[in-house]
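Residues: numbered from 1 along the sequence shown. In each ligand, atom 1 is the first atom listed, and ligand 1 is the first ligand listed.
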Amino acid sequence: MRLAREGEGGFSSQDMESGVVSVFPLAGFDKELAYRVPAHLAGKLGPGSLVRVPIRRAHALAVVSRLGTNESLPPERMKLVSQLVHDLPVLPPDLLEMARWMRGYYAASLESILETMVPAAVRKGTRMKVEVLLEAGETPPPEEEAALGKRAPRQAALLKCVREQIRPQPKTLLLKRLNVSPQTCRALVEKGWIRETRQRVERTVYEDEFGRAELAGEGVTLNPEQQAAADAARVSVEAGRFAVHLLHGVTGSGKTEVYLRLLQDVVERGGSGIFLVPEVVLTPQTVGRLRGRLLRESGAKTVVWHSHLSDGERLDAWEAMVSGEARVVVGARSAVFAPLPNLRLIIVDEEHEPAYKQEETPRYHGRDAAVYRAKLNNAVCILGSATPSLESLHNTAKGKYQASRLLKRVDDRKLPLIHVVDMRHELLRKKGTPPLSSLLAEMMRGRFEAREQTILFLNRRGYSSSLICPDCGHVCGCDHCSVTLTFHRTDDTLKCHLCGHERPAPRACPQCSSPKIRWRGFGTQRVEEAIRQVLPKATIARIDTDTMSRKHRFREVLADFRLGRIDVVIGTQMIAKGLDFPNVTLVGLVDADLSLHIPDFRAGERTFQLLVQVSGRAGRGDRSGDVVVQTFTPHAGPIQYARRGDFDGFLEEEMEARRQFNYPPFRHLIHHLFHGRNPDKVLFFAEQWVKEVEKTLGDRVEIRGPAPAPLEKAKDVYRFQVWYFCASVPRVIGDLQALRAAFKWADDVSQVLDVDPVNLM
Ligand code: ADP
Ligand code: ZN
Ligand code: ZN
């Protein structure tokens with residue numbers, strides 16, 4: 001049990017007397033409420049305590065937000081807190097503060113935020129599972145043991161098994177394995193020949209992959225670039241000063257090694273750290289390395305945190321964190337809310353990844369939340385990437401973040417050669433363009449014969465797309481917005497989803513008159529067939545979100561690929577992250593255009609990042625690799641800069657384009673989606689709303705829209721969107737929220753706000 005001390009957000013004598021707490025209820029409305037503390041809970045509640053309180057006619061969960069209240073109601077007329085759910089506070093003070101900030105910045109309900117921060121298993125008040133273990137007790141006299149073998153063979157079998165085991169084993173497991181009853185066991189326990197002990201169940205996750213202590217990198221000496229980066233961050237860590245460090249280093253330049261050193265330092269000094277990765281299941285090697293290293297060097301326990309945990313696993317991990325037993329948490333986005341005491345360091349690996357943005361309420365960005373949490377704790381946040389986001393680079397340019405750069409790969413291995421194939425020249429006599437160019441097919445054959453492996457990337461098929469001419473590479477774009485126009489099949493038009501500009505979709509290419517302008521990309525199946533034609537004997541596997549709904553299946557495929565049982569893997573971008581297969585020497589990007597020409601001002605940035613990440617996947621072993629990029633627009637900037645490995649060139653051009661249109665990172669963007677079954681009505685309300693915003697906030701925001709969303713209609717629901725461009729979110733969002741609350745919405749028109757959106761579809 002925790003008793004809050006004075007001065008650390010706990011009780012003051014005045015609060016003691018008033019015996020009143022403010023709570024945030026998890027009961028469907030967004031308001032702080034005040035309750036009186038009953039005598040049996042006096043002194044047991046503090047900020048972050050999880051309680052039950054009477055609301056309407058039910059007892060709802062609530063989190064104590066602070067002691068005392070601003071409520072003018074006299075305490076004797078307040079209702080009483082009915083129950084304390086957990087002895088430990090479920091949220092430390094810094095997370096309560098975070099919750100308030102997220103509510104304001106992301107315009108999300110406090111309830112949704114608290115539910116994200118406090119795992120369901122904890123909210124349910126589930127207790128730790130305790131397990132009974134069996135171990136050998138006193139040695140039985142030989143004659144009795146011999147007699148036992150005849151009289152009670154099952155007892156004898158169990159006894160033998162327990163005495164032979166190296167360490168205590170779970171009782172249920174042993175009884176089941178030997179098929180003996182609990183009575184059999186009890187008889188032996190009563191004789192004292194077997195002892196029962198109890199211990200908390202440790203459900204260590206993915207022990208097979210994640211638990212293995214990775215020895216690589218032991219005792220390496222940091223090279224001068226790494227040392228400088230580590231020293232720069234260490235200065236801030238040791239001073240207990242908030243700082244953000246951008247670690248910009250090419251793949252294989254030793255960024256992870258720098259993270260590990262810093263985490264180790266922090267742990268040795270009694271602090272704790274969070275290590276965020278875009279997707280835990282995809283980064284088993286990093287997790288293994290981290291765990292092994294920290295355990296070996298500092299004896300510190302690392303907890304893995306991600307969305308695939310069972311309730312039990314989650315509860316174990318959570319208890320290990322709040323109790324201070326675990327000192328480092330590695331996990332996906334939501335691990336940024338790990339309730340670790342004495343947080344000194346937060347690392348965000350692959351900080352540019354869109355996966356850090358949550359696409360449902362609360363729509364927070366894991367990277368930005370990490371920066372804010374570091375700030376609250378006077379801690380250090382490290383953002384690492386081979387292709388940092390323009391947002392982070394902009395913050396560096398403004399002097400808000402410090403930057404370190406790792407330009408060399410650790411072993412001086414060369415980056416793979418990137419071949420750009422102009423698909424306009426790949427036409428077959430009748431059938432149009434084949435999914436595999438002759439260069440890619442040729443190289444795949446070579447790799448198969450040499451028993452090396454290939455990864456082919458297919459872009460995730462979007463629900464809407466642009467018109468690209470497969471003959472001349474012309475792309476239909478908006479003249480006003482520098483984004484691609486979206487092809488809307490329903491009414492055969494091209495629309496700009498930013499400004500609303502609209503025109504009929506052309507039947508033939510405006511540039512070369514080719515009727516093939518309506519090319520829609522290669523289907524996955526066609527690609528698979530093409531591969532089978534090229535390599536009839538190869539084993540091929542597909543990894544995508546559709547076929548990989550089962551995480552075990554996904555891990556099986558990865559394991560088989562690693563063991564060389566699969567020759568070619570076809571996957572979406574999801575496998576471009578972090579995976580490390582030394583025998584992969586060829587990577588193909590089948591349809592680079594699909595990510596390049598989507599109606600998103602970040603399309604170029606994403607494509608560049610994808611190409612660089614994908615290239616990092618080829619030839620990580622002792623062989624160097626090849627990358628084949630197939631495109632109808634080979635001269636596009638992102639493709640050319642990626643081919644030359646010219647990050648700075650790309651950055652300069654892309655930043656300039658963003659500056660011209662005043663897009664992020666030069667301004668913030670807020671996305672407002674309206675949807676409903678009656679398109680006229682939805683549009684009408686969106687238009688009325690925009691007028692209101694114009695009146696109140698017109699001086700602080702630039703409004704675009706309403707325009708149809710790129711995904712114009714989904715499941716009979718029509719979607720429209722409005723964009724707000726603004727210099728500062730905090731200066732806008734509060735008024736926007738207030739306006740939204742006061743506006744008379746129709747019941748059948750729904751709307752969603754997304755601050756700093758990442759997915760613009
Ligand atoms: P990144 O995270 O930038 O891709 P890693 O930290 O994973 O790079 O380093 C790539 C490989 O180089 C790893 O196998 C790592 O153990 C090794 N390595 C990193 N730093 C050094 C060093 N200073 N000396 C020798 N090997 C190193
Ligand atoms: Zn054309
Ligand atoms: Zn436009």
Check each heavy atom of L406 against ligand 1 and say whether those closer than 4.0 Å belong to the side chain, the backbone, both or neither. neither

Can you find an N or O of T251 that's nearer than 3.5 Å to an N or O of ligand 1? no

What atoms in ligand 1 come closer than 4.0 Å to a heavy atom of V250? 3 (O)

R643 vs Q640, side chain to side chain donor-acceptor pair (under 3.5 Å): CA-CA, chis, key distance, verdict: CA-CA 5 Å; R643 184 180 67 79; Q640 286 304 325; 3.0 Å; yes

Close side-chain approach of L673 to D754, heavy-atom, < 4.5 Å: no

Closest non-hydrogen atom pair, G366 against R333: CA-CG, 4.1 Å

N223 neighbourhood, listing ligand 1 atoms whose heavy-atom distance to it stays under 4.0 Å: 23 (N)

Excluding waters, which protein N, O or S atoms are within less than 2.8 Å of the Zn ion (ligand 2)? C469 SG, C472 SG, C509 SG, C512 SG

Excluding waters, which protein N, O or S atoms are within less than 2.8 Å of the Zn ion (ligand 3)? C478 SG, C481 SG, C496 SG, C499 SG

Provide the closest heavy-atom pair for R602 versus P757 in the form atom of the first, atom of the second, distance. NH1-O, 3.1 Å

Side-chain heavy-atom pair V758, R606 within 4.5 angstrom cut-off: yes

Do Y641 and F608 have their ring centres less than 6.0 Å from each other? no

At under 4.0 Å between heavy atoms, what of T221 touches ligand 1? The answer is backbone

Could you give me the CA-CA distance, side-chain angles and deciding distance for Q227 and D231, then say whether side chain to side chain donor-acceptor pair (under 3.5 Å) is met? CA-CA 6 Å; Q227 192 65 51; D231 287 346; 3.2 Å; yes

N or O contact, G252 vs ligand 1, cut-off under 3.5 Å: yes

Report yes if some heavy atom in the side chain of V348 is under 4.5 Å from a heavy atom in the side chain of C381; otherwise report no. yes

Compare all side-chain heavy atoms of P664 with those of F601 and state whether any distance is below 4.5 angstrom. yes

State, with a plain yes or no, whether a side-chain heavy atom of F275 is found less than 4.5 Å away from one of D349. yes

Is there a side-chain contact between V258 and L260, using heavy atoms and a 4.5 Å cut-off? no

How about H672 and W723: are their ring centroids closer than 6.0 Å? no

If I apply the N/O under 3.5 Å rule, does V220 come out as touching ligand 1? no

Charged N to carboxylate O below 4.0 Å: is that the case for E694 and K691? no

For atom 18 (N) of ligand 1, state which one of V410, L247, L260, T256 supplies the nearest heavy atom. V410

